[in-house]
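One structure is given here, and the rest of the page talks about it.
Note that the coordinates shown come from a computational prediction; the quantities given were computed from them, not determined experimentally.
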Amino acid sequence: MAHPLQLGFQDAASPVMEELLHFHDHALMVVFLISTLVLYIILAMISTKLTNKFILDSQEIEIIWTVLPAVILILIALPSLRILYLMDEINDPHLTIKAVGHQWYWSYEYTDYEDLGFDTYMIPTQDLAPGQFRLLEADHRMVVPVESPLRVLVTAEDVLHSWAVPRLGVKMDAVPGRLNQTAFIMFRPGIFYGQCSEICGANHSFMPIVVEAVPLEHFETWSSLMLEGA
Amino acid sequence: MSLQKPMMRGLLAKRLRFHLPIAFGLSFLAAIAFKYTVTEPRKQAYADFYKQYDAVKEFNAMREAGVFESVRPSGE
C-alpha cells in the first residue's frame, strides 16, 4: 500500500509493473530535459532588454524545432508501444477469476473447476483490528497462487467500476454488459491492495480490492475450505 | 583621437550564441543526472533484490506473522 507523503509508485510485484516503473523513469527523464531547457530559456529571455522586432522567418530554426520534438516523441513512443504489447500478451493462464463490481462491493468467482464465488465488503473503520489499514481492508480477499499466470475477467452488475491493484500494474474498467480481460503474474507472496477506480456513487471510495498471493498448495487448501464452507 | 565605434548590431544573436549551448548542455546534464541517480539505481535495486530473494522464506515469515487470511500460522 502507499505510505503517507509518498511521491513515487509503490514497489512492483509483477513484471509488467516493473517495466512500467522503468518506462516512467525514462519518460520523466525526458520531461526534466525539456523543462530544464525551457526554464533556462525563460530566465534568459526575462533578464535582457535586447529584442529583435524584425525577424520574419528562419528555415533553420523551424527545422530544428520540428525535428527535435519529433525525435523526442519517437524516443518515448518506442518503449511505450513495447510495454503496451507486452501487457496484451495473455500467456496460457493457469487460473481465470471473474471480478464483478457492484454498488458497493466486489464479488469474485473461481469457476475453472468448481463453482466458488463470494462477495467482499470493506471492513468499516470502527471494526478494524490493530495493524489493519483504514479503507483498504476487506472481509474476504481474492486469494491467488503466486508465480502462476492469472487471468481476471472484469465486469460490473450495475454502473461503471474499475478493478485496480497498483503494485501489480493492473487497472481494468468494469463495464456492465462487457467482459474485460487482464492478466498478470506475481513474483512475490504477500497482500496487495487496490481501490475502485471509476466513480460509482456514494461509496465509491469504500470498495477496496485485496489480493492475497500464496503458494499453490495453500491456494488449493483455501479453495477446498471455501467450497466446503459454501 | 577618436573612440572605437561600439558594437551596435548582432547583440541579441551574440547573447543567443552564448546562452543556447549552455541551455542545451544543462538540459542534457539534467537528463543524464536523473538517469544515473534515479533510473539506473532503481533497476539495480530491483535486480539486487531478486538475486537474494527467497519466496518460500518470505512466505513463511509472513505466515508466522499471521497476516494471511487463507493460511494460518503453523502453530494454529
Side-chain angles (χ1 to χ4, degrees), chain A residues 8-9 11-12 18 21-26 28-45 47-52 55 61 68 131-132 137-144 146-147 186-191 210 212-215 217-223 225-226, chain B residues 6-74 76:
Chain A
F9 292 110
D11 288 340
E18 269 195 53
L21 272 180
H22 299 320
F23 173 71
H24 179 266
D25 285 340
H26 169 74
L28 196 56
M29 179 183 72
V30 174
V31 164
F32 278 128
L33 184 135
I34 296 169
S35 302
T36 314
L37 179 67
V38 170
L39 185 64
Y40 189 97
I41 290 173
I42 288 172
L43 290 173
M45 281 169 66
S47 61
T48 180
K49 289 194 176 130
L50 298 169
T51 54
N52 185 338
I55 293 180
I61 197 161
L68 206 55
Q132 288 190 311
E137 300 286 353
D139 56 1
H140 296 107
R141 295 171 175 172
M142 186 178 108
V143 180
V144 294
V146 76
E147 291 177 6
M186 270 167 294
F187 284 150
R188 309 163 60 165
I191 301 159
V210 190
E212 185 171 295
V214 296
E217 59 270 23
H218 297 288
F219 167 75
E220 288 170 343
T221 309
W222 168 83
S223 58
L225 286 169
M226 289 290 283
Chain B
M7 194 171 77
M8 296 163 78
R9 296 178 194 278
L11 297 165
L12 180 60
K14 184 180 166 207
R15 184 182 168 81
L16 288 176
R17 275 194 304 274
F18 177 76
H19 281 287
L20 275 178
I22 296 176
F24 279 95
L26 273 179
S27 65
F28 277 117
L29 210 65
I32 290 165
F34 185 84
K35 183 178 169 76
Y36 288 104
T37 56
V38 175
T39 308
E40 293 304 316
R42 201 198 299 280
K43 281 185 187 158
Q44 194 58 41
Y46 272 87
D48 292 341
F49 177 82
Y50 282 110
K51 256 188 228 144
Q52 304 296 335
Y53 185 68
D54 184 345
V56 173
K57 182 176 154 215
E58 294 295 325
F59 168 74
N60 287 328
M62 284 188 266
R63 176 186 184 177
E64 297 312 318
V67 297
F68 288 122
E69 176 190 281
S70 58
V71 186
R72 300 315 305 154
S74 47
E76 290 178 23

In terms of the angle between their ring planes, are A:F187 and B:Y50 parallel, tilted or perpendicular, with boundaries placed at 30° and 60°?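 Perpendicular, since the angle between the ring planes exceeds 60°.
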
On the 0 to 90° scale, with breaks at 30° and 60°, tag the B:F59-A:H218 ring pair as parallel, tilted or perpendicular.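 Because their plane-to-plane angle lies in the 30° to 60° range, the rings of B:F59 and A:H218 count as tilted.
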
What pair of heavy atoms forms the shortest contact from [X] to [Y], and how long is it?
X	Y	value
B:S27	A:L37	CB-N, 3.7 Å
A:E18	B:Y46	CD-CD2, 3.6 Å
A:E147	B:A55	OE2-CB, 4.2 Å
A:D25	B:F34	O-CE2, 3.2 Å
B:L12	A:T51	CD2-C, 4.1 Å
A:D139	B:E69	O-OE1, 3.2 Å

Rounded to the nearest 0.5 Å, what separates atom [atom1] in [X] from atom [atom2] in [Y]?
X	Y	atom1	atom2	value
A:F32	B:I32	CZ	CD1	15.0 Å
A:M45	B:H19	CE	NE2	12.5 Å
B:R42	A:D11	CZ	CG	9.0 Å

Heavy atoms only, distances under 4.5 angstrom: which of [options] has the most pairs with chain B? Name it, please.
options	value
A:I41, A:I34, A:V143, A:T48	A:T48
A:V210, A:L28, A:V38	A:L28
A:E212, A:H140, A:M29, A:H24	A:E212

So which residue, B:S70, B:A13, B:A31, ends up with the most heavy-atom pairs under 4.5 Å with chain A?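 Between B:S70, B:A13, B:A31, the count favours B:S70.
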
Interchain contact, A:A213 with chain B, by part (heavy-atom threshold 4.5 Å):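 It is the backbone, since no side chain atom gets that close.
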
Given a strict heavy-atom distance threshold of 4.5 Å, which part of A:L68 is in contact with chain B: side chain, backbone, both, or neither?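 Interface part for A:L68: side chain.
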
Which residues pass the side-chain contact (heavy atoms from CB on, under 4.5 Å) test with B:A30, not counting sequence neighbours?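 With neighbours one apart ignored, the set is A:T36.
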
Return yes when atom CZ of B:F28 has more than 12 non-hydrogen atoms of other residues, nucleotides or ligands closer than 6.0 Å, and no otherwise.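 Incorrect, the count does not exceed 12.
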
Applying side-chain hydrogen bond (donor to acceptor under 3.5 Å, both in side chains), can you list everything that pairs with B:Q44, at least two apart in sequence or on another chain?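 B:Q44 satisfies side-chain hydrogen bond (donor to acceptor under 3.5 Å, both in side chains) with B:D48 once adjacent residues are dropped.
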
